[in-house]
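These notes are about the structure you will find just below.
Hydrogens, waters and symmetry mates are skipped; everything else that's a heavy atom, side chains included, is used. Residue numbers begin at 1 in each chain, while the letters A, B, ... track the order of the sequences.
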Amino acid sequence: MCKKTVIEAKIIQNQEIAQGVYRMVLSAPEIAAGASCGQFVNLYPKAKHTLLPRPISICEIGEDTLTLVYGVVGEGTREFAGYNAGETIRVSSAIGTGFKPQKTKTAVLVGGGIGVPPLVELAKQMSGEKIAVIGFRDEPFLKEELEKAGAKVYIATDSGKTGFKGNVIELIQEQGISGDYFYSCGPKVMLKALAAYCESINTPVQVSLEERMGCGYGACVGCVCKIKENTETGYEHKKVCKDGPVFLGSEVVWDE
Amino acid sequence: MCKKTVIEAKIIQNQEIAQGVYRMVLSAPEIAAGASCGQFVNLYPKAKHTLLPRPISICEIGEDTLTLVYGVVGEGTREFAGYNAGETIRVSSAIGTGFKPQKTKTAVLVGGGIGVPPLVELAKQMSGEKIAVIGFRDEPFLKEELEKAGAKVYIATDSGKTGFKGNVIELIQEQGISGDYFYSCGPKVMLKALAAYCESINTPVQVSLEERMGCGYGACVGCVCKIKENTETGYEHKKVCKDGPVFLGSEVVWDE
Amino acid sequence: MSNHQGTEKKLDLSVNIAGVTLNNPITTASGTFSAYESGAFYNLNELGAMITKGVANIPWDGNPTPRIAETYGGMLNAVGLQNPGIDYFIAHELPYLRQFDTKIIVNVAGRSIEDYCEVAEKLNGTAADMLEVNISCPNVKKGGIGFGTHSEMAAKVTKEVRRVSKKPIIIKLTPNVTDITEIAKAVEAEGADAVSLINTLLGMKIDVHRKKPVLANKMGGFSGPAIKPVAVRMVYQVRRAVNIPIIGLGGIMTGEDVAEFIMAGADAVSVGTAAFVNPTAPADIKNELIEYMQKYNFKSLKEIREAFTE
Amino acid sequence: MSNHQGTEKKLDLSVNIAGVTLNNPITTASGTFSAYESGAFYNLNELGAMITKGVANIPWDGNPTPRIAETYGGMLNAVGLQNPGIDYFIAHELPYLRQFDTKIIVNVAGRSIEDYCEVAEKLNGTAADMLEVNISCPNVKKGGIGFGTHSEMAAKVTKEVRRVSKKPIIIKLTPNVTDITEIAKAVEAEGADAVSLINTLLGMKIDVHRKKPVLANKMGGFSGPAIKPVAVRMVYQVRRAVNIPIIGLGGIMTGEDVAEFIMAGADAVSVGTAAFVNPTAPADIKNELIEYMQKYNFKSLKEIREAFTE
Ligand SMILES: Cc1cc2nc3c(=O)[nH]c(=O)nc-3n(C[C@H](O)[C@H](O)[C@H](O)COP(=O)(O)OP(=O)(O)OC[C@H]3O[C@@H](n4cnc5c(N)ncnc54)[C@H](O)[C@@H]3O)c2cc1C
Ligand SMILES: Cc1cc2nc3c(=O)[nH]c(=O)nc-3n(C[C@H](O)[C@H](O)[C@H](O)COP(=O)(O)OP(=O)(O)OC[C@H]3O[C@@H](n4cnc5c(N)ncnc54)[C@H](O)[C@@H]3O)c2cc1C
Ligand SMILES: Cc1cc2nc3c(=O)[nH]c(=O)nc-3n(C[C@H](O)[C@H](O)[C@H](O)COP(=O)(O)O)c2cc1C
Ligand SMILES: Cc1cc2nc3c(=O)[nH]c(=O)nc-3n(C[C@H](O)[C@H](O)[C@H](O)COP(=O)(O)O)c2cc1C
Ligand code: FES
Ligand code: FES
């Protein structure tokens, strides 16, 4: 009956791969076994004044390991960044409804900043041609991992320091990148613009959303987003942590 | 003007010397230089949900070091017990009014349990004959340190496992231990009984009191004890952290 | 630690609340528990009772997001009582709850007295063992003032729900009042079978980097270990003001916290925010309570309560 | 981080409260500060103002010990306003305070309206810059009910103290009320020059090993970072209810916390429990506030306040 759990996992690696961005590899065979691309895990800080779980997408699923890539933004991720290999961290089972890889000819994977990580496992899971278009403020990361997973990688940066100067949608248009299915994870403004773009070119897109979470496992209804439904309001509040984080771009109500 | 401070001191040693009792040696030259026997320092836990300082008596004052001996009783001391040599801990300047060593022929130092530590530095500071009578539940500690400081040591334990079976006052009476000045630190019941005994034999005694503290440095009036004064009530509330922790047994109102 | 069970009197965790016997005093705080999701982490039969999310007469959409903010040792929520309505609840959720060997307490929300009564009536014929009436909801008919902050309004809701319901009713009190004993006495006088306290404190957090409130709703309900001293104080005060059973909650994180509430006067307790910090918290806390009782050789909750001296 | 001072407009931390200019918004919360002891750790000239411990018309003995308990992210105190009385204060403490280049705000305690007035009158001719009237004290004449929990009583104290005092008066509000805006409006109407909030929440802690309350007084005042969400919410509410300046406090630990209170509507702030966690907290927090302002290029407290959007 108890199909989910929280374990103390051993940290195998915890290394800065770009400024303020860390790759953490955990030894967690039982969690890796139940995980699929686009799901996330909850990481629990040790500091007792920070209570809530930190949801982090699964970047890669190994036989016995999970790879996470996270940015340092606040107290919890700052704590995580301080861990050394050999220490342990509390981590939950893989949670949520992830990407559903489709059997299409050319898949376009669009990532923004700290939204890039889940695209790596997605790329690994897909056969067929795959193009990754990834945008950053300044410093790219996970390019090699995406290439190793067989993707052709295009990079955009806000600063223009690396690759195309501009955002991913401008890059897609500039390079005339096209495909028959899009997948994306990144800031909401990017996802919203991409969903509009995909609608305009009549191509489906799966998007991975973010929301502030309470429980992180479906019990509190804290983390909802608006999904189109045949109700009075035209939408229903669905849980990002359970019904998502991945939804079809066309079913999301992009109001804000 | 700023004559007090809180520093990050390096831990040189942190070692269990009896069950649940630890000796911590800190490298803290500036604090050691200003410290005297019977004063205490505040140790600040790192865990942010435990806010208040933990007052710990100074056990020994070295040239550049402070030695503290503490028992693990709750969250803060449990945290301290987990530190390794090389790590740091926040520690305050020496605080309070400590023992005033008197020039007498025979001093009797009476300690109970985790009240024994400050007697070590006291013994070191005193010339003349000194007798230490120390009581424990079960397992004695700091015997060698007191002997090294020139004291003849008598031990009592509740269990009778080591030394005399009974309490320190029974031991004093049984062995006919006497002196012209007493100094003491330990549980309140012991101090109260000793103060009564000293009064009965007309010998002065300095006692070191404990009280729950807020600030730990004299600002909050949280840590008071009743000291006899010529007021309406016959006493005044004095601060254990500033006016004490050491008072004359004869001036304390031992009501509880 | 004495641990001679079998030879000695056995440890009895059970407690009777208004005629309903719970196997143990641990229940799940409303809004922090979902049988399906929580049951993925621990065996729900370990609970004294499941208290459901608030259910209203019709579906409520809840508030916009962000609904959650973390604070120092606590959290804020402004879920806004999103719920699918009582008909859906009875048809689709209650049947799932019945499979577990524990009691079912349905938390009831409403924007008017009629709302509360409609839900209570619809639950009459069902498997629900008790109702917990959340009177912290704003009364839309009275300009959004909380039912729970005025003793006359609290009394009125209690009276009407008591009249229509065939189940024992627990009134859940808000801590955002000058004198909680006044409200507790008012609801006791109108037939409340028990009270539960505390609901969340009202709090706010501002993100000084984004320069706006963290919650879309600006203010939200403040819960977690940070608030425990207020909860313990109120349970202590209410215990000395009324004679009906008390379900105590607010910041419970450990078995010793449960003992603290029982000493303050609670008959049972609820675990809320702790289940966010650790999904198996209710089960773990029950085990810690047993350890605590063994350490001090307490054989029943009553013995814990009676060991307390002021 | 832009940091071009000198060439640009200079950073101005000053704030005017009821005609008194503080060099910066950082003051010391009453009861958590002693000029002599705190001044051993940092330079008191760094403060916007020193707020003293509560002083009554005659010496108060305070409560029995233990007076202090630690809670999760907070603490309880039941010092009971021990103080040497206003005559001693004026003769022996005020002269010491005068040497510092900062303002002096004297916190006033009383058990009756006459008590408050007596202290206020005696302070008229002195170096005190302002009075902060703590109306959380129990009114012994009215059976120990807090002045601060009833708007009529709060208004009455304000009116009488305002009448006798020649100094600006700040009324310090208690959070243990159903609607703090009601009290704030009542004291504003009677001439309060400013309000400060919040005083401590009422809390309790039980030691489950000793099986009794930790505090000799059983209940005590709950302070520290745990309570900040309640304080921010109340400052936000009161800012929208009255026009007089607000001194905000409750759980401030960092410079960003100060910015949070300013965005919520505070004109100045007080640092209390933080000074127990770190004796130099008031000075450190002031420096952190400056860093925060530099990061976002704020030149004054007003700019912080105006950057807040709801
Ligand atoms: C489904 C999902 C997957 C995510 N995957 C990744 C990932 O792979 N890599 C990565 O770097 N980040 C990811 N994030 C964002 C990550 O959860 C936050 O950056 C992190 O929680 C911040 O924690 P903190 O303690 O450092 O920040 P603080 O601001 O101190 O956190 C305070 C609270 O806010 C929450 N919070 C803060 N920012 C966010 C956010 N953007 N989204 C949700 N909650 C937030 C925290 O969880 C915590 O409860 C993901 C978020 C979601 C919802
Ligand atoms: C002047 C003085 C000198 C002391 N010297 C020593 C010493 O040399 N060695 C030693 O082992 N202990 C000493 N103590 C007692 C020591 O301060 C406590 O054991 C310690 O604070 C417990 O902290 P904790 O977090 O482990 O316990 P918790 O119970 O988790 O602490 C909770 C709170 O209660 C306070 N507290 C708990 N027990 C005591 C106590 N007995 N006295 C004062 N405050 C307490 C803590 O400081 C903290 O604020 C001394 C106390 C005082 C007042
Ligand atoms: C996310 C969330 C949702 C809640 N929803 C409800 C609810 O629907 N009905 C209710 O009576 N209380 C609700 N509460 C309040 C809790 O039941 C409980 O009273 C409060 O959180 C204090 O307990 P805790 O500190 O253990 O969480 C909710 C609390 C949280 C955190
Ligand atoms: C030990 C202690 C003593 C206090 N004494 C007083 C007092 O004399 N007068 C008063 O108005 N407030 C008093 N307070 C309340 C504080 O001034 C402040 O309102 C409260 O602690 C909240 O702020 P904080 O969380 O920053 O501590 C006291 C608080 C503490 C912790
Ligand atoms: S975070 Fe609780 S339901 Fe999603
Ligand atoms: S602990 Fe604050 S005065 Fe002694």
Between A/R212 and C/P66, the two heavy atoms sitting closest are CG-CB, 3.9 Å
Give me the atom names and distance for the closest heavy-atom approach of A/V224 to C/Q82.
CG1-OE1, 3.7 Å
For C/E70 against A/L52, the heavy-atom pair lying closest together
OE2-N, 2.8 Å
When the 4.5 angstrom heavy-atom criterion is applied to C/N63 and chain A, the contacting part is backbone
Heavy-atom closest contact (A/Y217 atom, C/A275 atom, distance)
OH-O, 2.7 Å
Could you tell me which portion of C/T273 (side chain, backbone, both or neither) has an atom closer than 4.5 angstrom to a non-hydrogen atom of chain A?
side chain
Per-residue contact mode, C/T32 against chain A (heavy atom under 4.5 angstrom):
backbone
Donor-acceptor pair, side chain of C/R67 and main chain of A/V221, under 3.5 angstrom
yes
Is it true that A/Y44 and C/N278 share a donor-acceptor pair across their side chains at a distance under 3.5 Å?
no
Looking at A/T231, A/T50, A/V6, which has the largest count of heavy-atom pairs under 4.5 Å with chain C?
A/T50
Gap separating the CD atom of A/E211 from the CD1 atom of C/I68, nearest 0.5 angstrom
9.0 Å
Can you confirm whether more than 12 heavy atoms, excluding those of A/K10, are under 6.0 Å from its NZ atom?
no
Within 45° of the ring axis of C/Y72 and under 6.0 Å from its six-membered ring centre, is that where the NZ or CZ of A/K48 lies?
no
Verify the neighbour count for atom OH of C/Y36: are there more than 12 heavy atoms of other residues, nucleotides or ligands below 6.0 Å?
no
Got more than 12 heavy atoms from elsewhere within 6.0 Å of CD, A/E16?
yes
With a 4.5 Å cut-off on side-chain heavy atoms, are A/C220 and C/F33 touching?
no
Chain C shares the most heavy-atom pairs under 4.5 Å, among A/G218, A/P45, A/A47, with A/G218
CD of A/E199: more than 12 outside heavy atoms within 6.0 angstrom?
no
Residue part contacting chain A, namely of C/D61, when any heavy atom lies under 4.5 Å
both
Could you tell me whether C/K212 atom NZ has more than 12 heavy atoms of other residues or ligands within 6.0 Å of it?
no
Nearest heavy-atom approach of A/L51 to C/P225 is CD1-CD, 3.6 Å
Between chain C and each of A/K242, A/E236, A/M213, count heavy-atom pairs under 4.5 Å; write down the option with the most.
A/K242
Between C/G74, C/G224, C/A78, C/A274, which shows the greatest number of heavy-atom pairs under 4.5 Å with chain A?
C/G74
